[in-house]
Every structure is written in structure tokens, then in C-alpha cells.
Protein chains: 2
Amino acid sequence: MSQQLDLLFYSLSDQTRRDILRRLTLKELTVSQIAKPYKISLAAVSKHLKVLEKAKLIGRRRDGKNHIIHAEPKTLIKIDSWIEFYKQYWNESFDQLNTYLTTVGDTKNET
Amino acid sequence: MSQQLDLLFYSLSDQTRRDILRRLTLKELTVSQIAKPYKISLAAVSKHLKVLEKAKLIGRRRDGKNHIIHAEPKTLIKIDSWIEFYKQYWNESFDQLNTYLTTVGDTKNET
DNA sequence: AGAATAGTTTACCAATTGGTTAAATGAGTC
DNA sequence: GACTCATTTAACCAATTGGTAAACTATTCT
């Protein structure tokens, strides 16, 4: 249950993995294509992909010797709904200001 | 820059830290009050708090010997805006269905 | 000053991480 | 079958993690 969220957040806590995910969202790519821009080894990229895959942020199909990797951005919905709860709080100060204005009166001519 | 996102996501990749954050959002608490429900040591909780503090998900003020900890839920806005980019993609299939219906005609009597 | 309370910091431990290189698998090609 | 090409897996390493217990710091109380 929350193990899935652990995995999700953990996957996204690495800049390289976030970058991979972003690129995959725009276009599916093979493992080699994914690896090209980074200075780390192909094996390291393979490991990053496994992390993302475990979190279900990406999926893969096979085409001959190539593994074609695609993003599963809808998995991020889970984070979005997790954050949902906090949204009512993060503009608290703004809301308090509103409440204040309403109480005091937000028009200037009330006499 | 993205170091801040690393910290944020990393902080949230732990169930205990997420739970602490949730409780703090509802009500500010001292370190001991935070620690009470968990079976881990106070020192361990203190470390979790440091992680959350570094990510700016919580803040603290001092009241005598007590450290009073509060949530900073607005920090989560950063994750929310990060996710924003992906939202246009995660309902892709749904959008494709819409496009299809519009193309074919979504009313049944067009002859 | 001395004792109690609330937290933090230090030193340690086992497990995990991100990285490496080298060996192993899998799938097309000669 | 032998040879590449694409990728994964294995063995290793240094650094970091979440946890502990014990020592330390800061504040209040007597």
C-alpha cells in the first residue's frame, strides 16, 4: 500500500531518473538511446530503469534486441492524490487573510 | 535547484516521515509528542525531523525546553508544479478517445 | 549548584545506494 | 555454430541510510 508510495517518491528523488522520465514522456526510447546523454555506464542506466520500472513509472516492450521503454505518467496520479490532502493547508495564510477581510468588511464604505 | 527536489522527494519516500508530516499538518507538536506513536527511539525521530527540515517541509520554534514543530505544506507546491508537466500526458488515452468521438461524431443521429 | 526534562549529537552497525568493470543472456546475422 | 549488438546480471566499492545506545547541551525547577 504505502510501500508503493515509498517506491514512487524514492524513484523521483534522483535527478537522473527524473530526467529519464521526462524524456520518455515525450518519446519512447531504447535503453541505449536513454543512456547516451549521461556520462554514467549503460549498466548504471539499466539499474535506474529498474528502479523506475519497479515504481511503475515506466514500462517496456521488446523489439528484437532492443528494449523499448515508455513512460507511464499516470502513475504520478498517486502522488497527486497524496498531495491533494495538503492543498487545503498550503494556502492557509491566504485564506486567513480572506477571512479577516470578510470579518472586517472588504469594502471601504460601510460607515 | 533540482537538489531541492531531490531532497523533497527523498524526504517523502519514507512512510514514517510522511506520517509525521501528515500529523503536523493537522496540529503543531513537540518532538516528544511526535515520537510517541512510533516504536523507534527519540533520536531516530529527531533524525527524521532533520531530514524533513532540510527539505523545508517542516519548521521549528523554541518554547523553553520544547521544540515546537510545524508543517510547511506549501513546500509541496514544488512537487505539484513539477507534476504539472506530466498531467497533459497521463490522460492521453482518454484524450485520444475524445478525439476519436469528435472525429466520428459523438451524436448517434448524423446519418 | 544540583537534579530533572527535552532534544541533539556522536559513534557505531547492518543494509542499501549509485556507481564501476566484467561476465552472462538474448536475438538477429554470417 | 560462431559473431555481433543490445541489454542485464554479478561482484565489487565507497558513501549513505535508518536504526541503536550513550554522551552531550540547553532549559527549567528546587
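On a predicted model such as this, the values are computed, not experimentally measured, just so you know. The sequence lines fix the lettering, A, B, ..., with proteins before strands; numbering per chain opens at 1.
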Partners passing side-chain contact (heavy atoms from CB on, under 4.5 Å) against B:K36 (at least two apart in sequence or in another chain): none

Among A:I69, A:I34, A:N66, which one satisfies side chain to side chain contact (heavy atoms under 4.5 Å, CB included) with A:L29? A:I34

Looking at A:S41, I'd like to know whether one of its side-chain N or O atoms comes within less than 4.0 Å of OP1 or OP2 on C:dG19. no

Test of understanding: with salt bridge (Lys or Arg N to Asp or Glu O under 4.0 Å), list the residues that count as partners of B:D80, not counting sequence neighbours. A:K87

Nucleotide nearest A:A44 (side chain, heavy atoms from C-beta), chosen from D:dT20, C:dG19, C:dT8: C:dG19

Does B:R61 use its side chain to pair, donor to acceptor, with the backbone of B:I68 at less than 3.5 Å? no

Near DNA chain C, counting only heavy atoms under 4.0 Å, which residues of residues 8-15 of chain A show up? A:Y10

Look at all strands and tell whether A:L42 reaches a base, only sugar-phosphate, or nothing, counting heavy atoms closer than 4.0 Å. base

Residues in salt bridge (Lys or Arg N to Asp or Glu O under 4.0 Å) with B:R23, at least two apart? none

Taking only residues two or more places apart in sequence or in another chain, which ones pass salt bridge (Lys or Arg N to Asp or Glu O under 4.0 Å) with A:R18? B:D6

Shortest side-chain distance from A:R17, nucleotide among C:dG18, D:dT8, D:dG19: C:dG18

C:dG19 phosphate, OP1 or OP2: any side-chain N/O from A:H48 under 4.0 angstrom? yes

Nucleotide by nucleotide, nucleotides 9-15 of chain C touches protein heavy atoms under 4.0 Å in the pattern (B base, S sugar-phosphate only, - none) B-B----

Contact string for nucleotides 25-30 of chain D, one letter per nucleotide 5' to 3', B = base within protein heavy-atom range under 4.0 Å, S = sugar-phosphate only, - = neither, reads -SBS--

Qualifying ring pair (Phe, Tyr, Trp, His ring centres under 6.0 Å) pairs with a residue from residues 48-70 of chain B, counting only residues at least two apart or across chains: none

Taking salt bridge (Lys or Arg N to Asp or Glu O under 4.0 Å) as the definition, give me every residue that meets it alongside B:R62, ordered by chain and number, with sequence neighbours left out. none

So which residues get pulled into A:V51's cluster when ILVMFWY side chains under 4.5 Å apart are joined, directly or through others? A:Y10

Pick base, sugar-phosphate or nothing for A:T30, based on heavy-atom distances below 4.0 Å to the nucleic acid. sugar-phosphate

What residues form a side-chain contact (heavy atoms from CB on, under 4.5 Å) with B:A44, not counting sequence neighbours? B:I40, B:S41

What residues form a ring-ring contact (aromatic ring centres under 6.0 Å, His included) with B:Y38, not counting sequence neighbours? none

